[in-house]
Amino acid sequence: APYDPMQDDEWADHKPQPVQKLPPRPRENPLWRNLALIMLALLLLMAFGIYRFQSPNAAFQKQKALLAQDTFFPGIYVDNMPLEGMTYQQARQALGQHDAHQEKDMALPVEVDGKKWLITSQEVPFKRNIDSVLNKAYAIGRKGFPWVAENGQTPFNTRYLHTQQTKRDKAFFSTGVTYSAKDVRRVAEEISGQINREAVNAVISTFDFNTRAFTVTKDVPGAKLDTEELYTRLTQALNRGDYTSQVLMYSQPIMPIVTSVELQNGFALLSTFTTNTGSNQNRNVNISLAAKAINGTALMPGESFSFNRTTGERTTDKGYLPAPAIADGTTFEEPGGGVCQVSTTLFNAAAMADMTITIREPHAWPVTYVDKGLDATVNWPNLDFQFRNDKKTPVFIVASYQDKKLTVELYGMRLGNGESIKLETELVSTTQPPQ
């Protein structure tokens, strides 16, 4: 039979229940919804504002902390030594130790013409300008610039940007040596003083006035060191910190004006002049004494010869005898009469030897022992005969009297090849002596 649910015990007592309806939902108020959205937006805006406020402040605090540190900023080097994180004193100590080591090792060798010197800090005290360089390096990020306002940057921003640029591009500083230029110049002058020397000319060391034989000394070249160049090279070595590299220099040779070879080959008889004397015995004695007085005279370059100074006053104490003499237009007897023949003979020899005649006076009237115009009178003490040796070598005077002949010879360096001097006179006018 078909199943009848109503016959089942479980469903026997089941009765249909009435369906219950839910109460209707209240209608949503749009005002509250909008208020909630507004509040949420305000909260988000406040959070964003707080974030925007806190973010630059944190960056500023970080920059402020960086600029407030008392150490060198990154990227700063002095003498290739990184100073990042060092205080000023720490950097000063580190560089000072390096400086002391270099000062201890300073041994600057100088060699000139094979002679050697060693320049140390004792000769030239020096030190490095560590403090001035560290001050410049430490000023990075701590000093403003006058162009800040023009760029629209605050001094703080400029200082911070300076540190960042230094960190990126690096800043290198180098210390330099400070020393007294006077010390270096003194050293250069002392070295030059030991190198510089005048050239030594060869000279006639001996001359035998009897045999006319002579000997000469050896010439010695001189030397001249450029003191200014040495000073410059020393300062350059100190400035670049090169304390051991050798300074090598050579002096400029100075050749002597007169060499021994030139003297040997060129020294000879320059001139000779002879006059004849008369039969007056006293006069001949005076001529002989004056000739002996000037004989053996060595006249150095630039030196002047004076007849009166060489013979001195002609007095009887020296053996001079009374003989005729001409003075003030008259003839009279005086001790030393006749010595004018010696000065005249010397004048002719000196002129022919190319000596420079400086003082010479003729007699009041012509004399008999030389042609007219070739005489030279003397009288003590105001009338003298003088000449000067303008050669670069000495001149020697040899004078002798024998058998009524007076001869004066001058020896020295020859004139140019084939050159000689001869004196000639020309009569210009004749004046009769006063009656």
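None of the values given here were measured: they were computed from a predicted structure. Quick note: residue numbers are just sequence positions, from 1.
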Item to complete: Please name all residues satisfying side chain to side chain contact (heavy atoms under 4.5 Å, CB included) with Glu189, sequence neighbours left out, ordered by chain then number.
Response: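 Checked Glu189 against side chain to side chain contact (heavy atoms under 4.5 Å, CB included); matches are Arg185, Thr227.
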Hey, are [Y] and [X] close enough side-chain-wise for a donor-acceptor pair under 3.5 Å?
X      : Y      : value
Ser260 : Asp219 : yes
Thr71  : Gln69  : yes
Asn308 : Arg314 : yes

Worksheet item: Is the Phe396 to Phe267 ring centre distance short of 6.0 Å?
Response: yes
Worksheet item: Do side-chain atoms of Thr310 reach the backbone of Ser306 as a donor and acceptor pair under 3.5 angstrom?
Response: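 Pair found, side chain donor or acceptor close to backbone of Ser306.
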Discussion item. Assess whether a salt bridge exists between Asp390 and Arg388, defined as any Lys/Arg side-chain N lying under 4.0 Å from an Asp/Glu carboxylate O.
Written reply: yes
Worksheet item: Under a 4.0 Å N-O cut-off, is there an ion pair linking Asp375 with Arg360?
Response: yes
Worksheet item: Are any of the side-chain heavy atoms of Ser279 and Lys404 separated by less than 4.5 Å?
Response: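 With C-beta onward as the side chain, the pair touches.
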Worksheet item: Between Asp183 and Pro125, is any pair of side-chain heavy atoms under 4.5 Å apart?
Response: yes
Fill in: Result of checking Asp371, Val370, Asn348 against Leu423 for side-chain contact (heavy atoms from CB on, under 4.5 Å)
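Considering Asp371, Val370, Asn348, a side-chain contact (heavy atoms from CB on, under 4.5 Å) with Leu423 is found only for Asn348.
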Worksheet item: Phe305 pairs by side-chain contact (heavy atoms from CB on, under 4.5 Å) with which of Val395, Asn389, Thr358, Leu346?
Response: Leu346
Determine all donor-acceptor pairs shorter than 3.5 Å in which one atom belongs to a side chain in residues 316-326; sequence neighbours excluded.
| residue | atom | partner | partner atom | Å |
| --- | --- | --- | --- | --- |
| Lys318 | NZ | Thr311 | O | 3.4 |
| Lys318 | NZ | Glu313 | O | 3.0 |

Worksheet item: Is there a side-chain contact (heavy atoms from CB on, under 4.5 Å) between Ile191 and Met249 once you walk through the steps?
Response: CA-CA 11 Å; Ile191 293 176; Met249 291 188 65; over 6 Å; no
Worksheet item: Which of these, Thr368, Asn284, Thr275, sits in a side-chain hydrogen bond (donor to acceptor under 3.5 Å, both in side chains) with Gln341?
Response: Thr275
Discussion item. For Tyr88 and Phe72, take the angle between the two ring planes, folded into 0 to 90°, and tell me which bin it lands in: parallel under 30, tilted 30 to 60, perpendicular over 60.
Written reply: parallel
Fill in: Pairwise distance SG(Cys340) to OH(Tyr369) - rounded to 0.5 angstrom
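Reported to 0.5 Å precision, the distance equals 5.5 Å.
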Discussion item. Suppose the criterion is salt bridge (charged side-chain N to carboxylate O under 4.0 Å, His left out): which pairs have a residue in residues 272-288, not counting sequence neighbours?
Written reply: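 Sorted result for residues 272-288: empty, none.
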